[in-house]
Number of protein chains: 2
Amino acid sequence: MAKRKAKATKTAAKSGRPRSPSGSSRKQGRAIKGEIPYSTIVRLAQYLRILERLQTVGTGKISSNELAREAKVNSFLVRKDLSYFGEFGVRGVGYEIKSLIREVRKILGLNRERRVILVGVGHLGRALLSYKGFAEEGFCICGLFDSDPAKIGTTVRNLEVRSIFTLEEFVESNGAVEIGIIAVPAFSAQFVANTLVAVGVKGLLNFAPIPLTAPPHVITVSVDLTTNLEVISYYLSQR
Amino acid sequence: MAKRKAKATKTAAKSGRPRSPSGSSRKQGRAIKGEIPYSTIVRLAQYLRILERLQTVGTGKISSNELAREAKVNSFLVRKDLSYFGEFGVRGVGYEIKSLIREVRKILGLNRERRVILVGVGHLGRALLSYKGFAEEGFCICGLFDSDPAKIGTTVRNLEVRSIFTLEEFVESNGAVEIGIIAVPAFSAQFVANTLVAVGVKGLLNFAPIPLTAPPHVITVSVDLTTNLEVISYYLSQR
DNA sequence: ACGTGTGAAAGATTTCACAGCG
DNA sequence: CGCTGTGAAATCTTTCACACGT
C-alpha cells in the first residue's frame, strides 16, 4: 500500500478516563467511532519508553517480536498499533530504533515542549515536581499553585508557589499553559479543574479520587491511587 | 431470578496492566475468558468512593442513574457491573447506599486489613506513605525498604527504613505481606519485584516506568506517570 | 527467507430494550 | 409507575493468517 500518514484521524477523540494502567488507574476510555483505540495510544507511549531505553544499548534495529516481548504484549498488536499511523518498518528486517523513536514522538506530539502547571503542592505534588520523567519528555512544569496561605509565597525547586486565584494573571503574563496537573484533595478538585479550564488549559491530569467534569474539548486523564490498590485487593481475594 | 451470589467467578482472572487511567496507568488488562471484566472491577472501586462520599449527605437510597451521573458512565453499565455479583437493588426504588457500600467492599475484599510494604522511599514513596486514602480502605503500610545506605535506619512516619536485603527476615518476624508497592527507579524495579515475589507477596503496585514480569498468580498493576502525560499530549495535538 | 502490514475472524465490553417486580 | 436485572445486539479491540516487499 502506498504511503499515507494517518489512516483515520478525522474526528479527534474526546476524553478518557484511563485506569492507570498502569493503574492508573484507570483509567478507562474507549475510542470514538472508527477512531484509534485509546489503549493504542497508551501502548505507544510505553513502546517509546522501551525504545528509548534500548537505544543506548541496542543494535539499531528491532522487530515487532522483540518490542512485544519487552512491552509484554503480542507482536500482532505492536504491528497493528503502529500501522494506524503509517508504515515504519522494513519487511524482512524490522524497525530502525532511532527512526521509530522519532515517529512515535511525532505521533504523541512530543516534538515540542508543553507548558504544564501543577496545582496542589502537598506531598504528591512535590513528588511529581521532582519526577525526572516529565522534563525528559518535554513537559515543563512552569507554575505552582496552592490554596494554603502557609505555602503561598514559598519557593519549591526554584518555583514560587502562587495562589490559585492568581492563575489568570499568571497565564496573562507568562503565556498560555496547555496541561494542568491536579494534586489537591477531592473536595476542591472540581473547582480547580474549572479554574484551569477557564484560563484555557486543554489537558488535565487528575490525581484527586473523584471523576471530573470538563468540556469535551478538554482531555481529562485520572490516576486514582486507592482504586488501584482496591483492584489488587479484589484479585487477591479471588483465590 | 433467584438470589445467587456470583454469576461467574470460577476461573480467577490473572493479571492486569491498567493504565492508570485512572491513568495509572495506564494499565490495560482484559478479562480472562468468560470472566468479569477488569474494567468492571475498576469501576466498582470508583462507585465505592462515590458511595462513601454520598453516604454522609445522602438520603440513604441511590438509583443506578444517579450513581452513573456521579461516576460519568451510563446507568446500564452501573447495573451490569453490579449484576455480575448479585442483586443488590430493589426494583422501582434503587439501591440502599449503606448496604451497597457493604456489598461492594465485600466484593473488593476490603472487609479485612491488608498488609502492604513500600519499597523505595524517595519523593514518590514518601508521598504514597502520607496518602490518607490507603489507610482509610484498610491498606496498612507496615514496612519501608530502600537500597540507599543514607536512608536505611532512618525513620519516616514512625516506620524504620530497612535494607531491601533484610526483607526476608522482616516477613519471617513480622508476618506475611500481601501487597508490595514499588516506587524505585526503572533499573531496579524488576529486581525488587522478584525479591517481593520470593517472600510471598501476591500483589504488586508498580510505579516504575517499565513493564514487570511476575508469575501468573501475582497480580501486577502499573501506574506510569509519564505515559499519562504523553497520552494527553497525543490528544492535544489532534486538533 | 524473514518480518511487516492488514483484512477478516474471534473475542470482549458496552449499549439497548424490555421483562419483572416491588 | 419506576427502576432493576439481563439476554441480545451493537460496538470495539485483539488475534490470526497470509500476502507482500526486500
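Naming convention: chains lettered A, B, ... in sequence-line order (proteins, then strands); numbering from 1 in each chain. None of these values were measured; they are calculated from a predicted model. Heavy-atom basis, side chains included; hydrogens, waters and symmetry copies ignored.
- If you check the side chains of B/E230 and B/T227, you find no donor sitting under 3.5 Å from an acceptor.
- Across C/dT14, D/dG2, C/dC18, the shortest atom-to-atom separation from the side chain of B/R79 is found for C/dC18.
- Each side chain to side chain donor-acceptor pair (under 3.5 Å) pair with one or both residues in residues 205-216 of chain B, not counting sequence neighbours, appears once here: A/K72-B/T213, B/N206-B/S222.
- Between B/S63 and D/dG2, a side-chain N or O to OP1/OP2 separation shorter than 4.0 Å is absent.
- As a whole-Å value, the separation of A/I36 CD1 from C/dT6 C1' is 15 Å.
- Of the candidate nucleotides D/dC3, D/dA19, D/dT13, D/dT13 has the atom lying nearest to any side-chain atom of A/S39.
- Comparing B/I62 and A/F76, the nucleotide of DNA chain D nearest to each residue sits closer to the 5' end for B/I62.
- One interatomic measurement links the two molecules: CG of A/L100 to P of C/dT4, which rounds to 11 Å at whole-angstrom precision.
- Close to D/dC3, at under 4.0 Å from its OP1 or OP2, lies no side-chain N or O of B/S64.
- The side chain of A/L77 approaches D/dT14 more closely than any other nucleotide in the set D/dT14, C/dT15, C/dG22.
- Rounded to an integer number of Å, the gap from CG of B/L82 to P of D/dT6 is 11 Å.
- With sequence neighbours left out, the side-chain hydrogen bond (donor to acceptor under 3.5 Å, both in side chains) criterion links A/S237 to no other residue.
- Position along DNA chain C of the nearest nucleotide to A/G89 versus A/G92 favours A/G92 as the more 5'-ward residue.
- Annotation: side chain of B/I97 is not in contact with side chain of B/L100 (no heavy-atom distance under 4.5 Å).
- One can place OH of A/Y95 at 13 Å from C1' of C/dC2, the figure rounded to the nearest angstrom.
- Taking only side-chain atoms of B/N74, from C-beta outward, the nucleotide of C/dT15, C/dT14, D/dC3 with the closest atom is C/dT15.
- For the pair A/I41 CD1 and D/dT13 P, the interatomic distance rounds to 11 Å; values are reported in whole Å.
- For A/Y84, no side-chain nitrogen or oxygen approaches OP1 or OP2 of D/dT13 to under 4.0 Å.
- Comparing D/dG5, D/dT13, C/dT4 by their closest approach to the side chain of B/E87 singles out D/dG5.
- Between B/R91 and D/dC1 there is no side-chain N or O to OP1 or OP2 distance below 4.0 Å.
- D/dG5 atom P lies 8 Å from atom CZ of B/F88, rounded to whole Å.
- Both A/G94 and B/V93 lie near DNA chain C, and the one whose nearest nucleotide falls closer to the 5' end is A/G94.
- Here the side chains of A/F134 and A/L129 are not in contact, with every heavy-atom distance at 4.5 Å or above.
- Taking 4.5 Å as the limit, some side-chain heavy atom of B/Y84 sits within range of a side-chain heavy atom of B/P37.
- Nucleotide C/dG3 holds its P atom 12 Å from the CZ atom of A/R69, rounded to whole Å.
- If you take CG of A/L44 and P of D/dT14, they are 12 Å apart, rounded to a whole angstrom.
- With hydrogens and angles left out, the side chain of A/K80 and the base of C/dG7 share a donor-acceptor pair within 3.5 Å.
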